Amino acid sequence: MKNKITPSEETQKEAMKIAKATQKPGQTKEQTRLVAQGIEKGIAIYKKQQKERNRKADKAKKKVQREKEAGIKETPVESINTDANQAPTQSPTILPWVLLVLSWGLFIGYFIINR
């Protein structure tokens with residue numbers, strides 16, 4: 001019991017058009033019809049593969065979306081940890097400026113006292 005899918009009229013017309021375009025001199029109508037049938041099968045296989053690819057892509061997309069939604073629910077906890085981690089990183093950026101101002105102040109003070 002083979003599951004035979006009948007191609008649409010549009011596919012049949014397109015296959016016949018391609019078969020006639022590639023027809024060789026001396027080729028009979030029967031041979032052209034067989035070529036058109038082969039093209040129809042090729043188109044059917046191609047469409048089937050495309051549907052399968054689209055299904056797989058859709059599944060992957062949904063999986064990524066589910067993972068992303070699960071990640072969003074965990075994000076507030078991560079953002080609290082991130083905020084706690086950012087505070088110490090900001091103070092070292094102030095430290096060099098404080099040390100620079102202090103060193104210049106001491107440098108100027110040293111020259112004023114030794115004059």
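Values reported hereafter were calculated over all heavy atoms of this structure, with side chains retained and with hydrogens, waters and symmetry mates removed. What you see is a predicted model; the values in this text were computed from it and never measured.
- Other residues sharing the hydrophobic cluster of Ile108, ordered by chain and number and joined by side-chain separations under 4.5 Å: Ile112.
- Smallest separation of non-hydrogen atoms from Ala36 and Ala15: O-CB, 3.4 Å.
- Residues forming a side-chain contact (heavy atoms from CB on, under 4.5 Å) with Ser8 (at least two apart in sequence, or on another chain): Glu10, Thr11.
- Clustering of Ile, Leu, Val, Met, Phe, Trp and Tyr side chains at separations under 4.5 Å leaves Ile45 isolated, with no partner residue.
- In terms of the side-chain contact (heavy atoms from CB on, under 4.5 Å) criterion, residue partners of Phe107 (sequence neighbours excluded) are, by chain and number, Trp104, Phe111.
- Checked against side-chain hydrogen bond (donor to acceptor under 3.5 Å, both in side chains), Gln49 has no partners two or more places apart in sequence or in another chain.
- The shortest heavy-atom contact between Gly26 and Gln31 is O-OE1, 4.3 Å.
- Residues forming a side-chain hydrogen bond (donor to acceptor under 3.5 Å, both in side chains) with Gln27 (at least two apart in sequence, or on another chain): Thr32.
- Residues passing the side-chain contact (heavy atoms from CB on, under 4.5 Å) test with Glu30 are Thr28, Arg33, Leu34, sequence neighbours excluded.
- Residues forming a side-chain hydrogen bond (donor to acceptor under 3.5 Å, both in side chains) with Gln12 (at least two apart in sequence, or on another chain): none.
- Contact check for Lys48 versus Glu52: no side-chain heavy atoms found under the 4.5 Å cut-off.
- For residues 14-29, no residue pair satisfies the salt bridge (Lys or Arg N to Asp or Glu O under 4.0 Å) rule, not counting sequence neighbours.
- For Arg53, there are no salt bridge (charged side-chain N to carboxylate O under 4.0 Å, His left out) partners two or more places apart in sequence or in a different chain.
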CA sep, side-chain torsions, deciding dist, call: Glu69, Arg66, salt bridge (charged side-chain N to carboxylate O under 4.0 Å, His left out): CA-CA 5 Å; Glu69 287 174 0; Arg66 276 188 237 119; over 6 Å; no
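- Grouped with Ile43 in one hydrophobic cluster are Ile18, Val35, Ile39, the linkage being side-chain heavy-atom contacts under 4.5 Å among Ile, Leu, Val, Met, Phe, Trp and Tyr residues.
- Legend: residues meeting side-chain contact (heavy atoms from CB on, under 4.5 Å) with Lys13, ordered by chain and number and at least two apart, are Glu9.
- From Leu106, atom CG reaches atom CG of Leu99 across 10.5 Å, with rounding to the nearest 0.5 Å.
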